[in-house]
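For reference, the structure discussed in these notes is given below.
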Amino acid sequence: MTDPETLSVTIVDGYVDEPAHFGVPPYISTYPRYTAGALVDAGVPREGITYHTIDGLRDEPDRWRDVDEADLLCYLGGMTVPGKYVGGTPAEPDEVRKLAWTASGTSLMGGPVKFGVGDENAGATETERQDLDFDFVAKGDVEAAVYDLVESGLEGFSNRMRDVDEVSRWAQEGAFIVEQHPNHPDHLIAELETSRGCAYRCSFCTEPLYGNPTFRPPPSVVGEVDALSDLGVRHFRIGRQADILAYGGDGEAPNPDALRSLYGGIREVAPDLETLHLDNMNPITIVEWPEKSREGIRIIAEHNTPGDTAAFGLESADPLVQEENNLNVTAEECFEAVKIVNEEAGWRPGGPDDPNGPEEGVPTRLPKLLPGINLLHGLKGEREETYERNLEFLHRVYDEGYMLRRVNIRQVMSFDGTDMSETGAEIANEHKKLFKRYKTQVREEIDNPMLARVAPLGTVLPNVHLEYHQDGKTFGRQLGTYPLLVGIPGERPLGETIDVAVVDHGYRSVTGVPYPLDLNDASMDELTTIPGIGSSTAGNIVVNRPYDSVADAEFGSEVDLEGFATIRPLERAD
Ligand code: SF4
């Protein structure tokens, strides 16, 4: 019998990315936190639990010793949606195998990796289930497997799911693991789970494999936020659910009271939080229960932070594709849902539509909550017309004056257990050329003008985290759900956080200058990035320094510099 008190456990986070669950840095998914909590609940002391990310292992090879020497290695990973990431690189199958070979103790693998593994982490691929040489693969919940495995003296476990009491306990008890994440405390977002499962059965989706929705009651989620907040976490994303509007209801209809307890409770235990965003919202819920949904959306917009996105899984505007894949929302219904979210939550804090009243002198901020549209390609029944219908839908939204925060276009990954497993990646591969052309069209005709509407000139994005340099510019993003990529002239120190004012728009990114821009210190590059300031005006601004006021530096430019700029007094030498 192995005594839990003496066990050493290493958790390796290879990152997860599921349709409703982010775990690539700056996100930390629920898996390592719940797993750590289950270990503590089973009697393993906190000091016996070591947590590494796969990037942490790559950066410091010495850490592999913790993999080798642990009595129990828990590997967590699995990508069920394709993606490209800046904040971290998910573990590749060969690295996962190496973990199993290195571990001298018992090895267990869990997380969405149980759904299948492709040759690489990419779209338009087929996947298969593999054990990648681990002793055990958790086919149910990995946190339940870990708990039972420790209880059994590392002999084995049954593949079960955990219950609500367990998750409530484990989520709080495992929060301590965040302190071992390389991004802790400032540049880390904790992904929060409010429910699992879905009432619908779209052909490509792994979520129905969790069954009908089950919800974590508000005190369970709020208690977890309280624990995380005590450990210095300031950024949260309520991302792990199929439909936030259905939270705490009968599985389909909204329950605004539950949303109020959830959001109100979070704000109470984490009054200093800096980000509170969400992910998925099902447009069909809005169309079928418009009044309750409007109320729910208002509650969210009252408590969240600006720039929040409600991702809508339209997936296809083509009725044939909808029919063949059991999709639950039509283009017309989705349009109606876009309209309702815009009406209830598309206001900017302190702006003219702010329900609390406009405020003087407040810079333009991003809208509180806007819809995002997910479109998926390679589904059964897809034809050339599908691409036209999707474009038509997006044009209609733009032409009628509504805002979308983001259009997300992907190609299908097929998983065993879903209806798409028979078709696989065949259609996606056949339509590759069509897909490429259409993607460019969406970027040019929709994304670019939409971004100019969502983040007009002068919009201020606070706390942009500077991530990398490219072509003489610095790129960064805010923490949050689908943050905008911001390019800033010049190479600024990485890892810092600055406020930025938007001056130009790309397809999916914006150009910005530090806000407010000190005219006594701004570079030529920064000045000429502001539309309306050419190199001769910028030159005039530079040579006539210093200024006592912004008005002194206006030199007849057409731009209202007051919106961007400031004057900081020059430091005295004495
Ligand atoms: S509505 Fe469809 S795509 Fe969304 S979670 Fe449910 S089954 Fe998946």
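One-based numbering along the sequence shown. As the structure is a computational prediction, the values presented were derived from the model and not from experiment. Below, each value reflects all heavy atoms present in this structure, side chains not excepted, and no hydrogens, waters or symmetry copies. First listed ligand is number 1; within each ligand, the first listed atom is number 1.
- Checked against the 6.0 Å centroid threshold, Y27 and H21 do not count as a close aromatic pair.
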Under the criterion ring-ring contact (aromatic ring centres under 6.0 Å, His included), I'd like the reasoning laid out for F22 against Y482: C-alpha separation, chi angles, the key distance, then a yes or no.
CA-CA 11 Å; F22 283 4; Y482 311 114; 5.7 Å; yes
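- Residues passing the ring pair (Phe, Tyr, Trp, His ring centres under 6.0 Å) test with Y15, sequence neighbours excluded: none.
- Of the protein's heavy atoms, none falls inside 4.0 Å of atom 4 (Fe) of ligand 1.
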Do any side-chain atoms of residues 396-403 form donor-acceptor pairs under 3.5 angstrom with protein atoms, and if so which ones, sequence neighbours left out?
unit_1: R396; atom_1: NE; unit_2: E400; atom_2: OE2; d: 3.3
unit_1: R396; atom_1: NH1; unit_2: E332; atom_2: OE1; d: 3.2

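- For the atom pair CD of Q322 and CD of E333, the computed distance is 8.5 Å after rounding to the nearest 0.5 Å.
- Contacts of S195 classified as side-chain hydrogen bond (donor to acceptor under 3.5 Å, both in side chains), with partners at least two apart in sequence or in another chain: none.
- Tally of protein N, O or S atoms closer to atom 6 (Fe) of ligand 1 than 2.8 Å: 1.
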